[in-house]
S.K.: 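I'd like to ask some things about the structure below.
Any value given below was found using the heavy atoms of this structure, including those in side chains, with hydrogens, waters and symmetry copies removed.
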Amino acid sequence: NSLPVASITGNSSVCAGSSTSWCANAGMNSYIWNSGSTSQCLSVSTSGIYTATITNSNGCTGSASKSLSVNPVPTASISGVASACVGLPVQWCANAGLTGYLWSSGQLTQCDILSGSGTFTVTVTDANGCTASANKTFTYNQLPNVQTAASVGVCTGDTVLLTATGAVNYTWDPAVFLSSTTGSSVSAFPTTNSTYTVTGTDANGCSNTAVTNLFMKTKPTLNLTPASATICPGNSTVINATSNASNITWAPASGLNSTTGNSVIASPLANTVYSVTSAAANGCTKLRKSSVNISCPKPTGMNVNNITASSVTFNWSAVYCASSYKVQYRKLGVSAWTSLNNIVDTFKVLNGLLASTTYEWRVATKCPSGTLSQYSAIAQFVTAAAKEGLIVAASPVESDYEMQVFPNPANSSINLSFNNVEDGKAVIEIYNTVGVLILQKQIEIIDGEYSQIIDLSSYDSGIYLVQLNKNGKVKSIKVVKE
C-alpha cells in the first residue's frame, strides 16, 4: 500500500491577538497534531512549527509541517482638540505611516473634519493587514449669550453706564468717549450719536458680541435769579427759575413755600443751598443751585454831631432789615458798657455825659427774628468843655415860632408844643442854670406843629432854659421845676 501525502492549508501569519485555522488534507481515517489535537483542522495563534500526521484506511501514515508567524498589531491614536466653540471647524488626525484608515463617519483618509459633538472612532491597518482602533470624544461649546441695551438715550453733557451680561470677560469698541475698554460696565460720555460693540468671552474661551446704540438728547434750559441772596433772620426772598421745561422741582423743602413751580419764596432759618431741577419730556434734566444766606448786618456809616459838654448825637446808616438798634457807650478805660435798647431811628441823642471826657461807642442791628448782629467797630468822641453862666437863646424869631410850655412852674413833667415852624428836623435842648446841656432831642416837624411831653422828674428843682433850634433859628423859654 502506498503512503498518504500529508498537507496543511491556511495562512502562514496572523496578527497578534488573532488566530487562524489550519487544516490537513481531507479523507483520512485519523489526524494527530503535535499540539495533541486529533481534529482535521487546528486553530493556531502562537508562532511556531506545527506538524500534522495523517492515517489512511490502509493504516498507512504521512506527515506535514508548517510555520506560523505572529505579526504585532499597529498602534492607533487620534490627535486634535477635545472641544471647540460652535462655528469653528475642527480636524482630527490618526497616527501616520499606516496603509489604511476608516473613521466612524465613513471617511477613509488619515484626517477627518468633525461634524458635531460626539465620540468618534478610527480603525487603522498596517502593511500586514493588522488593524487597531482608537476613539475620542469631542464637544462643541455653545457661544455665550452676550446682552446689553440695544438703544440708550444720553442727555447732552451726561455720562451713561453701559453694562453687558452673559460672559466672564468683556471688551468694548471703539474706545472713543469710553472710560475704559474692558469690564462688564463702562461709562460713556458721547457728544454725538455713537455705536459700541461689546465682545464677551466665557470660561470656555468662547466669544460672542452685542451692539448698543447711543443717541443724544437735549437738556432743558434753566436759569435762577438770584443765584445767591443774603437775607436777615426772619425775612424771605423770592427765587425765580426760567426754563423751557414745565416740570421744575426744588429741594430741600425746608424754608420754601412750595417745592414745585417757576417761583418760590425762601425763608430758611439757616444758610441753605437750594437745588432746582428742570425735567424735560425726553427725560433729560438740568440742575442749578441757589444759595440763601442768613445774615443780620451790623451798621456802618457811624458818626457823631451836636457834641456839647453833656450830650452827643450818635448817627449811623440804616440797615435795610433792622427792626431796631442797640447802642452801647462807656468812658474810655471803663470795661462795662451802658446799653440803649430798641432804638428805631438811625440816630440817638445821649445826655448826662461828663464834660471834657473821652467816650467810646458802638451800635448793633436787631433783626426781625430778634437776632442781634455783631457790633460795629468801636468809635470815640470827646465832650466839650463846661460853659460858665446861663446860656441865653440866640436871636429868637418871635414872629415865626410859637412856643408854649405848661404847666409852668412844673412838678414832674411839662407839655411842650410848637406852631408856625417850618417842616423838617429840629432839636429840642434843655440847659440848667450853669449852662450845662442836660437834654437834647432831635424831632421831626410836620405841618408846622409839634407836641411832646417831657419828663422832668429826675431833674433837681430850679430854673431851666427850654430851647428849640431849627436851622440856626432859636426860640427859648424859661421853665421852673418845683
S.K.: Is there side-chain contact between Phe347 and Gln442, with heavy atoms separated by less than 4.5 Å?
M.R.: yes
S.K.: More than 12 foreign heavy atoms under 6.0 Å from NZ of Lys366: is that the case here?
M.R.: no
S.K.: One pair to check against side chain to side chain donor-acceptor pair (under 3.5 Å): Asp455 and Ser457. What are the steps and the verdict?
M.R.: CA-CA 6 Å; Asp455 184 13; Ser457 59; 2.8 Å; yes
S.K.: In the structure I gave you, are the side-chain heavy atoms of Asn262 and Thr242 within less than 4.5 Å of one another anywhere?
M.R.: no
S.K.: Could you walk me through whether Thr277 and Thr285 pass side chain to side chain donor-acceptor pair (under 3.5 Å), step by step?
M.R.: CA-CA 6 Å; Thr277 303; Thr285 61; over 6 Å; no
S.K.: Could you work out, with side-chain contact (heavy atoms from CB on, under 4.5 Å) as the rule, every residue matching Lys441, not counting sequence neighbours?
M.R.: Ile443, Tyr450, Gln452
S.K.: Does Asn240 use its side chain to pair, donor to acceptor, with the backbone of Ser263 at less than 3.5 Å?
M.R.: no
S.K.: Among Asp202, Thr201, Thr171, Thr199, find the one that has a side chain to side chain donor-acceptor pair (under 3.5 Å) with Ser207.
M.R.: Thr201
S.K.: Donor-acceptor pair, distance only, cut-off 3.5 Å: does the side chain of Thr383 make one with the backbone of Leu354?
M.R.: yes
S.K.: Measure centre to centre between the rings of Phe177 and Tyr196, then say whether the value is under 6.0 Å.
M.R.: no
S.K.: For the residue pair Asn213 / Ser151, report whether a side-chain donor-acceptor contact shorter than 3.5 Å exists.
M.R.: no
S.K.: Counting distance only, does the side-chain N/O of Asn257 pair as donor-acceptor with the main-chain N or O of Ile265 below 3.5 Å?
M.R.: yes
S.K.: Side-chain donor-acceptor pair under 3.5 Å between Thr137 and Thr119, yes or no?
M.R.: yes
S.K.: Any side-chain heavy atom of Tyr375 sitting closer than 4.5 Å to one from Val363?
M.R.: no
S.K.: Between atom OG1 of Thr109 and atom CG of Leu102, what is the distance when rounded to the nearest 0.5 Å?
M.R.: 10.5 Å
S.K.: Side chain to side chain donor-acceptor pair (under 3.5 Å), that's the test. Do Ser278 and Ser243 meet it? Break it down for me.
M.R.: CA-CA 7 Å; Ser278 175; Ser243 175; 2.6 Å; yes
S.K.: Give a yes-or-no answer on whether the side chains of Thr260 and Thr249 include a donor-acceptor pair shorter than 3.5 Å.
M.R.: no
S.K.: Counting only pairs under 3.5 Å, give me each side-chain donor-acceptor contact of residues 77-93, with atom names and distances, residues two or more places apart or in other chains.
M.R.:
unit_1, atom_1, unit_2, atom_2, d
Ser79, OG, Cys93, O, 3.3
Trp92, NE1, Val81, O, 2.8

S.K.: Suppose we call two aromatic rings close when their centres sit under 6.0 Å apart. Are Tyr325 and Trp316 close by that rule?
M.R.: yes
S.K.: Go through the steps for Tyr329 and Trp337 under the test ring-ring contact (aromatic ring centres under 6.0 Å, His included), then give the verdict.
M.R.: CA-CA 6 Å; Tyr329 70 96; Trp337 291 94; 8.5 Å; no
S.K.: Please walk me through it: do Cys296 and Cys321 pass disulfide (SG to SG under 2.5 Å)?
M.R.: CA-CA 8 Å; Cys296 188; Cys321 61; 5.7 Å; no
S.K.: Just wondering, do Tyr320 and Cys232 contact through their side chains at under 4.5 Å, heavy atoms?
M.R.: yes
S.K.: With a 3.5 Å distance limit and no angle check, can you tell me whether Thr313 reaches the backbone of Val349 through a side-chain donor-acceptor pair?
M.R.: no
S.K.: For the pair Asn193 (side chain) and Met216 (backbone), establish whether a donor and an acceptor sit closer than 3.5 Å, ignoring hydrogens and angles.
M.R.: yes
S.K.: Quick one, Leu353 and Asn351 - any side-chain contact, counting heavy atoms below 4.5 Å?
M.R.: no
S.K.: Counting neighbours of NZ on Lys331 that are heavy atoms of other residues, nucleotides or ligands and sit closer than 6.0 Å, is the number greater than 12?
M.R.: no
S.K.: Distance check, rounded to the nearest 0.5 Å: Asn223 atom CG versus Asn244 atom CG?
M.R.: 10.0 Å
S.K.: Under the criterion side chain to side chain donor-acceptor pair (under 3.5 Å), I'd like the reasoning laid out for Ser105 against Gln107: C-alpha separation, chi angles, the key distance, then a yes or no.
M.R.: CA-CA 6 Å; Ser105 65; Gln107 181 68 29; 5.4 Å; no
S.K.: For Lys298 and Ser373, indicate whether the former's side chain and the latter's backbone hold a donor-acceptor pair under 3.5 Å.
M.R.: no
S.K.: Any non-hydrogen side-chain atom of Thr182 less than 4.5 Å from a side-chain atom of Tyr170?
M.R.: no
S.K.: Would you kindly say whether Thr218 and Thr156 are connected by a side-chain donor-acceptor distance under 3.5 Å?
M.R.: no
S.K.: Contact between Ile428 and Leu416 at the side-chain level, heavy atoms closer than 4.5 Å - yes or no?
M.R.: yes
S.K.: Going by distance alone, is a donor N or O of one side chain under 3.5 Å from an acceptor N or O of the other, for Ser461 and Glu482?
M.R.: no
S.K.: Does any donor atom in the side chain of Ser291 or Ser228 lie under 3.5 Å from an acceptor atom in the other side chain?
M.R.: yes
S.K.: Just checking, any donor-acceptor pair under 3.5 angstrom between side chains of Asn315 and Asn305?
M.R.: yes
S.K.: Are the side chains of Ile239 and Thr225 in touch, meaning some heavy atoms are under 4.5 Å apart?
M.R.: no
